[in-house]
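Report on the structure given below.
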Amino acid sequence: MPPVFALVDCNNFYASCERLFNPRLIGQPIIVLSNNDGCVIARSNEAKAAGIAMGQPFHECAGLIHRHQIAVFSANFGLYGDLSHRVMQTLERFTSAMEVYSIDEAFLTLPVQPGEDPAPLAHRIRQTIRRETGLPVSVGIGPTRVLAKLANEIAKHTPALNGVSNLIPLSNRNDCLARTPVEEVWGIGSRLTRRLAAIGIHTAADLRDADPSRIQTVLTVQGTRIVHELRGRACIHLEDLAAPRKTLTCSRSFGRPVTGLDELREAVVAYVSRAAEKLRAQHSLAEALQIYIRTNPFRPTDPQYSATATLRLPVPSDHTPTLAAVAGRAVATIYRSGYVYHKASVLLFGLCAREHRPLDLFASASATDVIRQTRLMTALDSLNATFGRHTVQVASAGLEKPWKMRQNHRSPSFTTRWTELPVVSAGCERPKKKMEMPCTSVWPRVSHS
DNA sequence: TCTGGGGTCCTAGGACCC
DNA sequence: TCTGGGGTCCTAGGACCC
């Protein structure tokens, strides 16, 4: 029997998360801003209706924000990540085969019998998530992931469907594909849309009916997979999403311009420290790192400069001071004075599992050194997990951090920081010290009463 | 004044090997 | 006249996703 896929996607996820802890915002327009409060990355339906565009620069929205009394939030990824975890935990109960695809969506293989209508189960999933996490989701059902994804879009935009759409029946599917512009198909972006238009393909149905070998010359092999998926033959297989990442990035724009090498180096060291933290969290080592710096392309009258430096480590490592020293040297080689820097990023690559740590033929660090370094990093991560990020850090990452990003509208970390809990009952004081909750904490198990 | 961050996959082309 | 062929690995860049 062919599989029945469901794509469960949280509606306007970041905006819904903010609303969850602030019920006064129900029915009100909300936007969430990118890091540095740069541009809009999430909108409630009311904000969409008010005319706020996805990706719109924040400073261009001032008029609409004022006119429609739109609530503005800086992104609070700690909060969103924690709520995402709860949604995924709840979803796991409905299937043995689930792929978490992003922070707000997951593919499930639905356990239904041949001939059974999967829609009632989809409605149950939707109601359960709503009841247990407070978040609204939509469910799209299809015989392939591409069709399930499309079904989800339809569910979101068709209120009469009550949040569930099923593209398994052919009658539903043919009609829907003929009405769907090809750029709404998962995997077809703006460039590919233009290439397809040039050969007369405008709708999802056109693409489904196209000759796969012709599509291969225009869209490469990925395009032919999409054609088969639209025809109902599943051939896109997601990787094991629990698998460790192959690269890790930490990339940020600065909260204010940076001109001097010392400040730039400080920022790069701070970013590499964060990347190293992620590296240790997934039990990997990095073999090489790449540093990138650039000026502000949105100020074309300023002199423009960007540069990349790639360095290989003598042996793969996850030791922050080692990585920071290499990164510090790398940034000095590409820094040029006389420019106003706007952004830096650090990419760690050539990752391997920690247990496959290769031996160093020339033994620049002895086995004892490696053990000591590992213990030190474990202690550092544990202190920062308990008492908050940056409690202990390498000195070269700077204490003042004048370049750090703006977050002028951030909501409290309602679920991940004891001091920012939304409800404090009488006689129960919040801890005075800054303390992080263990990252496994699960809010709904805490009683509101 | 003010324009995000973090990933993946695929392909082409160069370097290098025998 | 006439200058191989086949393979791998690496990297940069393009395209997509949320």
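Below, read A as the first sequence line, B as the second, and so on, with proteins coming before strands; counting in each chain starts at 1.
- Taking atom P in both C/dC18 and B/dT3, the straight-line distance is 25 Å, to the nearest Å.
- Summarising the geometry, the separation between CG on A/Leu33 and P on B/dG4 is reported as 11 Å, rounded to the nearest angstrom.
- Counting any heavy atom pair closer than 4.0 Å across all strands shown, A/Glu60 reaches no nucleic acid atom.
- Of the side-chain N and O atoms in A/Thr220, none sit less than 4.0 angstrom from OP1 or OP2 of B/dC10.
- One can place OH of A/Tyr80 at 17 Å from P of B/dG4, the figure rounded to the nearest angstrom.
- A straight line from CZ of A/Arg256 to C1' of B/dC2 spans 16 Å, rounded to a whole angstrom.
- Between A/Arg195 and C/dA15, a side-chain N or O to OP1/OP2 separation shorter than 4.0 Å is present.
- Nearest-nucleotide positions on DNA chain B place A/Pro57 closer to the 5' end than the other of A/Gln216 and A/Pro57.
- Residue A/Asn35 is in sugar-phosphate contact alone, with no base atom involved, counting any heavy-atom pair closer than 4.0 Å across all strands shown.
- Proximity of A/Asn36 to the phosphate of B/dC2: no side-chain N or O atom is located under 4.0 Å from OP1 or OP2.
- Not a single salt bridge (Lys or Arg N to Asp or Glu O under 4.0 Å) links A/Arg191 to another residue, sequence neighbours left out.
- Across all strands, A/Arg294 comes closer than 4.0 Å to no nucleic acid atom at all (heavy-atom distances).
- Nucleic acid contact class of A/Ile188 (heavy atoms, under 4.0 Å, all strands): sugar-phosphate only.
- Among the atoms of the strands shown, only primed sugar atoms or phosphate atoms (P, OP1, OP2) are found under 4.0 Å from some heavy atom of A/Leu248.
- Distances shown here put every side-chain N or O of A/Lys149 at or beyond 4.0 Å from the OP1 or OP2 atom of C/dC16.
- For A/Arg191, counting side-chain heavy atoms from C-beta on, the closest listed nucleotide (B/dG4, C/dA15, C/dC18) is C/dA15.
- Rounding to whole angstrom units, CZ of residue A/Phe254 and P of B/dG4 are separated by 13 Å.
- The side chain of A/Lys246 contributes an N or O atom lying less than 4.0 Å from OP1 or OP2 of B/dC9.
- Between A/Cys250 and A/Gln222, the residue anchored nearer the 5' end of DNA chain B, judged by the nucleotide with its closest heavy atom, is A/Cys250.
- Helical stems in DNA chain C, defined as runs of 3 or more consecutive Watson-Crick or G-U wobble pairs with donor-acceptor distances under 3.5 Å: B:5-18 with C:5-18.
- A sub-4.0 Å separation between OP1 or OP2 of B/dT3 and a side-chain N or O of A/Ser34 is absent.
- Between the C1' atom of C/dA15 and the CZ atom of A/Arg194 lies a distance of 12 Å, rounded to the nearest Å.
- Note: CD1 (A/Ile41) to P (B/dG6) measures 12 Å, nearest angstrom.
- A/Asp37 comes within 4.0 angstrom of nothing in the nucleic acid, heavy atoms only.
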CA sep, side-chain torsions, deciding dist, call: A/Arg19, A/Glu46, salt bridge (charged side-chain N to carboxylate O under 4.0 Å, His left out): CA-CA 12 Å; A/Arg19 185 175 275 167; A/Glu46 298 79 10; 3.0 Å; yes

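- When each of B/dG6, C/dT11, C/dC16 is scored by its nearest atom to the side-chain atoms of A/Ser190, the top-ranked nucleotide is C/dC16.
- Remark: A/Arg256 CZ is packed, more than 12 non-hydrogen atoms of other residues, nucleotides or ligands lying under 6.0 Å away.
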Worked verdict on A/Phe5 versus A/Phe107 for ring pair (Phe, Tyr, Trp, His ring centres under 6.0 Å): CA-CA 7 Å; A/Phe5 293 106; A/Phe107 287 101; 7.1 Å; no

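- Checking B/dT3, C/dC18, B/dG5 against the side-chain heavy atoms of A/Trp186 singles out C/dC18 as nearest.
- Ring-plane geometry between A/Phe58 and A/His409 is classed as perpendicular, the angle between the planes exceeding 60 degrees on a 0 to 90 degree scale with a lower cut at 30.
- Proximity of A/Arg245 to the phosphate of B/dC9: no side-chain N or O atom is located under 4.0 Å from OP1 or OP2.
- Nucleic acid contact class of A/Arg274 (heavy atoms, under 4.0 Å, all strands): none.
- Heavy-atom neighbours of A/Lys404 NZ from other residues, nucleotides or ligands within 6.0 Å: at or below the threshold of 12.
- A side-chain donor-acceptor contact under 3.5 Å links A/Ser74 and A/Asp37.
- Inter-residue side-chain proximity for A/Ile334 and A/Thr308 is flagged as unmet; no heavy-atom pair is nearer than 4.5 Å.
- Residue A/Arg225 is in sugar-phosphate contact alone, with no base atom involved, counting any heavy-atom pair closer than 4.0 Å across all strands shown.
- Residue A/Arg252 places at least one side-chain N or O closer than 4.0 Å to OP1 or OP2 of B/dG6.
- Without hydrogens or angle criteria, A/Arg43 side chain to A/Ile52 main chain gives a donor-acceptor distance under 3.5 Å.
- Rounding to whole angstrom units, CZ of residue A/Phe298 and C1' of B/dT3 are separated by 4 Å.
- Counting only N and O atoms by type, the side chains of A/Asn12 and A/Asn45 include a donor and acceptor under 3.5 Å apart.
- When distances run from any side-chain atom of A/Val221 to the nucleotides C/dC18, B/dG4, B/dT11, the shortest one goes to B/dT11.
- Here the P atom of nucleotide C/dC18 and the CZ atom of A/Arg145 are 15 Å apart, to the nearest Å.
- In this structure, of B/dT3, C/dC16, B/dT8, it is B/dT8 that holds the atom nearest to the side chain of A/Thr247.
- A/Ser345 comes within contact range of no nucleotide atom at all, as no heavy-atom separation falls under 4.0 Å.
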